[in-house]
There are 2 protein chains.
Amino acid sequence: MSSEIDRVYRACLVIIGNEILSGSTQDANMAFLGEQLNEIGICLDEARVVPDVPGRIISTINEVRAKFDYVFTTGGIGPTHDDITSQCVADAFSVDLILHPDAYKSMTDFYGEEKLNDARLRMAHVPDGATLIENDISIAPGYRIENVYVMAGVPKIMQSMFSKLAPTLTGGKPMISKTISSEAKEGDIAAGLGEIQRAFSDVDIGSYPFMGRGGTGVRIVMRSTNEINLEQCCLKVSKLVKEYCT
Amino acid sequence: MSSEIDRVYRACLVIIGNEILSGSTQDANMAFLGEQLNEIGICLDEARVVPDVPGRIISTINEVRAKFDYVFTTGGIGPTHDDITSQCVADAFSVDLILHPDAYKSMTDFYGEEKLNDARLRMAHVPDGATLIENDISIAPGYRIENVYVMAGVPKIMQSMFSKLAPTLTGGKPMISKTISSEAKEGDIAAGLGEIQRAFSDVDIGSYPFMGRGGTGVRIVMRSTNEINLEQCCLKVSKLVKEYCT
């Protein structure tokens, strides 16, 4: 009998911003979110990076919110003209963008009437029906609407928002991972590694060659929700790579 | 009269690999490719990260190769069981995966008969009709089939492959960018920045708050194919942020 915990929960990350695509900013949110979601039994199963173009953001959000259990967005919720995520999310859900009373109060308390200009007030607007996601760094909130979680692009703020919303997420079994790094050559261990993968169908074995100052080699990452099989698999891989280390 | 050089060439990057989504590897190819493509007048207009699942890779490649001028893929062309990109690309194009004679010769010369095992031979297989993309680091090639460029995931190898294929790409006007970093607060400059953006419709102005050891502030990135307008825009932004620096 399968229970809720055997279900695989799948998430998609939508990274919104020209700066990521132009290379002027290196994304740091995807790896963080991938790791954190694993720990609560949610698989980051796809990511999309889209430019600051309303039609593209809206169609992407509507496509992925229908396909995945969870959608996380990062970027585009600040006070400037290029921060168009909230209007796009409202449009995707066909709801109005409204001034959220709690966000308005926090921002009035923080800035005072004088400094709370129109630009900053934009950050207190959310799609109608959204629930705020607080953070410890900035006064501007993220929010959730249905299965879509809208977060800031600045990594520190995004991480704080995620720490607040994580306890509200339902996941399955946490994914555990083991890594073995070796000087063995990928081409030498490939056949043996393929055999081990066939023997352990519930372990996902990835093989990643590396080259750097420390030399060249391969990093084998094994991931599973089954800790016992993961341990067994790890022993086999460990034995295999030792055979091929010169 | 508009010429070929006024056309905007758009590219999509497909990053293939569970390791990127699980957070065990931080992608380093997207920012590199975004910057490099800008220089030759091609706009990286979307990126997708997909897991090592054949159906997902095939459908993504088929969707984006129809939508974009260029598609670049990274990852999944090594010798191990999880390297499934080439079979997926062949399937996406409904062609066979064939042993490429030039790749076979290079690999035989390099490894000799004895070390050229079945795993390594996989790397000499490409979709029928593909043209090889060499690199200076590894003997295993990437390849091009129609508008799809298949490259390695290891950044050094990917970068070498890109340097070989870049001269074969047709682009429009190069995108030039200027960056101004300032301690001004985003919420203070937002209205003025919006005005400047409206005045310079052919300059893309992005505003990115930062917080780090060096303090907090905002980085304004201006991008355009029109160098004169970019300079003018940059002067206006420079003047604006100075007004709000305390």
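Within every chain, numbering begins at 1; the chains are lettered A, B, ... in the order of the sequence lines, protein sequences first and strands thereafter.
- B/Ala31 and A/Gln26 make their closest contact through CB-OE1, 3.7 Å (heavy atoms, listed as atom of the first residue, atom of the second, distance).
- When every heavy atom of B/Ser24 is checked against every heavy atom of A/Val221, the shortest pair comes out as OG-CG2, 4.0 Å.
- For the set A/Glu19, A/Lys115, A/Glu35, A/Met123, the count of heavy-atom pairs under 4.5 angstrom toward chain B peaks at A/Glu19.
- Taking all atoms of both residues into account, the shortest heavy-atom contact from A/Ala119 to B/Ala190 is CB-CB, 3.3 Å.
- No side-chain heavy atom of A/Asp82 sits under 4.5 Å from any side-chain heavy atom of B/Gln197.
- Neither the backbone nor the side chain of A/Arg198 comes within contact range of chain B, judged by heavy atoms closer than 4.5 Å.
- The shortest heavy-atom contact between B/Leu21 and A/Ala47 is CD2-N, 3.9 Å.
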side-chain hydrogen bond (donor to acceptor under 3.5 Å, both in side chains) between B/Arg219 and A/Thr25: does it pass, once the steps are laid out?
CA-CA 10 Å; B/Arg219 200 164 53 90; A/Thr25 300; 2.7 Å; yes
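- Side-chain atoms of A/Arg223 and B/Ser22, non-hydrogen and from C-beta on, do get closer than 4.5 Å to each other.
- Counting only heavy atoms from C-beta outward, the side chains of A/Tyr208 and B/Thr80 never approach each other to under 4.5 Å.
- Here the shortest heavy-atom pairing between B/His81 and A/Ile205 reads NE2-O, 2.8 Å.
- The parts of A/Asp188 that come within reach of chain B are both its backbone and its side chain, each placing non-hydrogen atoms under 4.5 angstrom from that chain.
- Of the atoms belonging to B/Ile137, it is side-chain heavy atoms, and not backbone ones, that fall under 4.5 Å from chain A.
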